[in-house]
2 protein chains.
Amino acid sequence: MGDVATARRGTNLPRMGDFNRSVIFDAIRRAPEGRSRVELVEMSGLSTQTVSNIARWLLEQELVVEAGKERAGIGKPRTLLRLNRTGMFAVGVHIDPAVMTFVVLDLVGGVVAHSRRRTPKANRPERVMALIHDGIEQLIADSEVPRDKIVGVGVAAPGPIDQERGTIVDPPHLVDWHRVPLRDALETSTGLPVLVDKDVTAAAVAETWAGGASGAGSFVFVYLGTGVGAGLVVHDELMRGVSGNAGEVGHIVTDPEGPVCWCGQRGCVAVTCTPQAMVEEAERAEVIPETRHAATLLRDARDVDAQFTRLCRVAAGGDAAAGDILNRAAEHTARAVAVLTNLLDVDRVVFGGPMWQRVSERYLERIPPHLDAFSATGALRRVPVVGTGVGDDVGAIGAACLVLERTFTPSAARLLLAH
Amino acid sequence: MGDVATARRGTNLPRMGDFNRSVIFDAIRRAPEGRSRVELVEMSGLSTQTVSNIARWLLEQELVVEAGKERAGIGKPRTLLRLNRTGMFAVGVHIDPAVMTFVVLDLVGGVVAHSRRRTPKANRPERVMALIHDGIEQLIADSEVPRDKIVGVGVAAPGPIDQERGTIVDPPHLVDWHRVPLRDALETSTGLPVLVDKDVTAAAVAETWAGGASGAGSFVFVYLGTGVGAGLVVHDELMRGVSGNAGEVGHIVTDPEGPVCWCGQRGCVAVTCTPQAMVEEAERAEVIPETRHAATLLRDARDVDAQFTRLCRVAAGGDAAAGDILNRAAEHTARAVAVLTNLLDVDRVVFGGPMWQRVSERYLERIPPHLDAFSATGALRRVPVVGTGVGDDVGAIGAACLVLERTFTPSAARLLLAH
DNA sequence: GGGGTTAGTCCGGTCGATGGACAAATGATA
DNA sequence: TATCATTTGTCCATCGACCGGACTAACCCC
C-alpha cells in the first residue's frame, strides 16, 4: 500500500532562503518590462528588507540587471529589475522518431542557437548516445556561450520514460534501446546536470517559462504531435504523476460512433483527434493521395507530418471533405478537453505542439463553443482556450526549459529537505 | 488571461517553524502504534535537536503523549510518541438532500458523538441555518467535549460550492437558497472557524486523515453517492481546482452504446455508473419494483438509496439480471477510472462513499482486471484498487476532517505568506 | 531651494534550525 | 556485579534569514 517510510520532509533556513530567492526571481521573470522592488514586496509578501537583500544577491550573481527607472508621480522613482538574458543558458535536446533537435536557450527562453540531426534508425545505443553528445558539444561551441554559464541539459522524448533512472522506456524508433542509462551517461560525458522527461511535459514547461501570461496559474496544455498528449499545470507547478507519466489522454472516448481503437473501445482520442488518425481518414476518403508503404506497419512520423500539412492545405483551399475531417476532429478534441477541464477545474486550456500551427485558426474558432457546451458548470464559468506562442521547436525548447524550471522555479519540492 | 498580479508568495521563519511542527505531527499521526524521535529524524530530514524541540512543544500542547518504550537491542530504548486522541476535536456536518448528519471527531479521526436530522424540504434559509446551528450545539453539549478543545466546524454538501464565499451554490434540495453566506453565518453564531467543501472532497480528505495506509501518497478517490464524483489527492495534498470544483467525472463516456445523457453524449458516467442510473435500469428491466412517483421529476435521494439496497440484495441472492446490471456498471466504472489513472498517474484508486459498502465485494473483484486492461501502461504498472475503511458517515466525518486537515496537515500553502 | 513623498538601505533584534558536547538508559561482557 | 559500548535524547552556543524601525536618496511641487 505504498511505502510507509515515505513521509513529508521538513525544511530549514537555507532552503527557505533559496526558495524566497526563486520567488523573487520568478516574479521578475514574468514581467518582461521589468519590476521594481516595491512591486516585488507586494507580490511576495516579504519585507522590503528581504526583497532588497535578494535583489542585491541576484544582481551580484548577474542573473538580473537594473533597467532604468519608472516615474510614478511624486517621490523617488522606482528602479526596475529585469532578467539578464545572458546570465545563464540551458541546452535542450528533443529526440523525435524522425529528427533530433538541439537548442541553446538564454534565461528568458530565447533561442540563441539551434541545430538538427536525423535520428539514426537502427544502431547501437552507444553510437546514438555519442551522436547526441556530439550534437550538444557542437551546438555549445557554435553558440559561443561560456561553459560555466550553462546550467544543464534537458532531454525530451515521446513517453513513456523512467524518471527515476533517467531513461527512455523502449522508444519505438530506437531499436536495441533497453534500459540505457541516458541521463547518467550524458552527465558524465558532458559534465553537466541532465534531466529527462516526456516531450509533452517539456512543452508544457516551455509554456510556463516562455509562454508569457498564458503560462501562469493552472492550465491544461494540449500537445498536438503525431499523437495527442496533455501536460497538467496546477498552481504554476507541473503534475508529473508518481512515475513521471501523467497526461495520457489517448483513450478518452470522444465519439461513440467512431472507429474501433486497438484498446477495444470506440472513438478514442487516439483514433479521432490525432493528426495520424486524421491523415488516415483523409487517405481513406481520398481527400489526399495515399503515400503509405504497405510494408511499414508503423507509419513514419515524417510521413504523417507531410500528409497532415497537405490535408490542412487542401482544407484551407476550400475542400469540404477535408474541412469536415478537421472540424470533426476539433469537436472530438473539445469533448476530450472538456473531460480534463471538468476534472481539474483549471484557469484555461493552452494548445501547442509541432502540429498546432496548421490547425490553430480552425481550432481556436471551433473548440471554445463546444467546450462551453460540454462543461460541467455550463457556460457559467467559461474556460478560455488559447494557442501557445512558443513556435515549432517546442520539444527542444521545452527540454531546455526543464532545466531552467528545475533551477529557478519556486516549487514546494525545493523547500523540502532532500533525502 | 488570469491576474498578472497573482504571483507566488514568499515564506518566513515563523511559517517554517509551523510547517515543521505539522510535518512531525503528521508523521506521528500516521503511525497509530507510535513513533520514536529517531524515526522522526530519519523521516523528516530534520536534526535531532529540532525534532526534540518540536516533540516537547507537542507534548506541552497535549497533542501527543509518550506511550511506552521500544527496546531494539542494545542502547537506550526509544520512547514512542503517539497522538493524544482527546487533545483536540472537530465538528463535521453533512448536508445531504435527505438528511443532515453531525459528528464530533477526536484527533485520530474517531467518532465520539453523532446525530442526524431530517433536511427541511422548503424553508427560509435563516430557519435552515438555525437548525444546523442547533444541531451543532446540541451535539457538542452531548459529547461533553470542552469548547476550547474544538478546532472548528466543517460543512460538506453536494457541489457545486463557492469556496471563496463559503456557500453552497443553488442546492437542488434547498429552495430559496441563493448566495446564503453559510460559512460566515455559522462562524458568528458558533464562534468557531468554519470550512465549506464538496462532500466528495470531504470524503477524500477523510481518507487521508482516517484511512490509514491507503490514504497516503497520491490516489484517486471514487465517491459513490447518488451520483459519482472523484477526489484527487496528489502527494498527500487534495487538488481542489481553481474554484474548488475539481473532480467532476459525470460526463466521461464509458459505454458508446449506452443511453443518451442530458449532456448530449451517449453512455456517460452519469447514465452508466451512478446508483441512480442502475436503479432506473433495474426498474425498467423489472428486476426491482418501481416506486417512482410520476409527479417527482427529480427522484428523491432516499428513494434511490432504498432501491439500490434492494437491487444489491436481489443480485446477491443470485438474480442474473440484477447481477448483470451491477457487473456492467463495474466495467463502465473501470473505464472511467482508467481515464483518471492514465491522466494522473497515481499510486492507487480508493473507493468509498455512502453507497460503496453495498457493492464493495463485487467491485473489488471485477474492477481491477478491467482497469489493468484499459491502463495506458498495460499490466506493466498495475494500479491497486482498494475500498475505504471509513464507514457510512463519510460525508460528515470528512467534513470534520476538513478542519483537522486545515489545522494540522503540512501543505505547501501553509508555508506561504498570506495576503 | 525647501518641504513633502516615495524608494531603497543600514542596523540591531528575533527566532528557528544546527552541530557538538553531554547526560541517561540499556545490553553485553568480564 | 561492575564496567563498557551503544544508542537515545537534551543542553548550549552559534548561525543565518527575515523583520521593524531609523535613516539616506531621489524626485515632484510650490
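Letters go in sequence order (proteins before strands), and every chain restarts at 1. For clarity, every value in this text was computed on a predicted model and none was experimentally measured.
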OP1 or OP2 of [N] sitting under 4.0 Å from any side-chain N/O of [X]?
X: A:S47; N: D:dC18; result: no
X: B:N53; N: C:dA17; result: no
X: A:S52; N: C:dT9; result: yes
X: A:R71; N: D:dC28; result: yes
X: B:T79; N: D:dG9; result: yes
X: A:R37; N: C:dT9; result: yes

[X] side chain, from C-beta outward: closest of [options]:
X: B:R78; options: D:dG9, D:dA26, D:dC11; answer: D:dG9
X: A:V38; options: D:dT7, C:dT18, C:dA7; answer: C:dA7
X: A:K69; options: C:dA24, D:dC27, D:dC18; answer: D:dC27
X: B:R56; options: D:dC19, D:dG16, D:dC11; answer: D:dC11
X: B:I74; options: D:dT6, C:dG8, D:dC19; answer: D:dT6
X: A:P77; options: D:dG20, D:dT10, D:dC27; answer: D:dC27
X: B:Q49; options: C:dC11, D:dC11, C:dA17; answer: D:dC11
X: A:L13; options: C:dA24, D:dG16, C:dT9; answer: D:dG16

Whole-Å gap separating [atom2] ([N]) and [atom1] ([X]):
X: A:R21; N: D:dA17; atom1: CZ; atom2: P; answer: 7 Å
X: A:R9; N: C:dA17; atom1: CZ; atom2: P; answer: 15 Å
X: B:R15; N: C:dA17; atom1: CZ; atom2: C1'; answer: 19 Å
X: A:I54; N: C:dT9; atom1: CD1; atom2: C1'; answer: 15 Å
X: A:L80; N: C:dA7; atom1: CG; atom2: P; answer: 12 Å
X: A:F19; N: C:dG16; atom1: CZ; atom2: P; answer: 19 Å
X: B:L46; N: C:dG19; atom1: CG; atom2: P; answer: 11 Å
X: B:L40; N: D:dG9; atom1: CG; atom2: P; answer: 9 Å

Between [X] and [Y], is there a side-chain N and carboxylate O pair less than 4.0 Å apart?
X: A:D18; Y: A:R414; answer: yes
X: A:R165; Y: A:D184; answer: no
X: A:K149; Y: A:D106; answer: no

Practice item. Please lay out, stage by stage, how A:F25 and A:L81 fare under the test side chain to side chain contact (heavy atoms under 4.5 Å, CB included). Key: CA-CA 10 Å; A:F25 181 86; A:L81 299 171; over 6 Å; no
Relative to the 5' end of DNA chain C, which residue comes earlier, A:P14 or A:S36, by the nucleotide with the nearest heavy atom?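 Nearest nucleotide further toward 5': that of A:S36.
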Both A:T48 and B:G75 contact DNA chain C. Which one's nearest nucleotide lies toward the 5' end?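 Closest to the 5' end, via its nearest nucleotide, is A:T48.
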Is a donor from one side chain sitting under 3.5 angstrom from an acceptor on the other, for B:R37 and B:T79?
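The answer is yes; a qualifying pair exists.
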- Message: Check this for me: A:R406, atom CZ, are more than 12 non-hydrogen atoms of other residues, nucleotides or ligands nearer than 6.0 Å?
- Response: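 Open: at most 12 neighbouring heavy atoms sit under 6.0 Å from CZ of A:R406.
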Assign A:G73 to base, sugar-phosphate, or nothing according to its heavy-atom contacts below 4.0 angstrom with the strands shown.
->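 Sugar-phosphate contact only.
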Is B:N20 touching bases, backbone alone, or none of the nucleic acid, heavy atoms closer than 4.0 Å?
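Answer is sugar-phosphate: B:N20 comes under 4.0 Å of backbone atoms only.
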Taking the cut-offs as 6.0 angstrom to the six-membered ring centre and 45 degrees off its axis, would you call B:R29 and B:W209 a cation-pi pair?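 B:R29 over B:W209 ring: yes.
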* **Toward the 5' end of DNA chain D, by each residue's nearest nucleotide, B:L417 or B:A55** =>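 Taking each residue's closest nucleotide, the earlier one in sequence belongs to B:A55.
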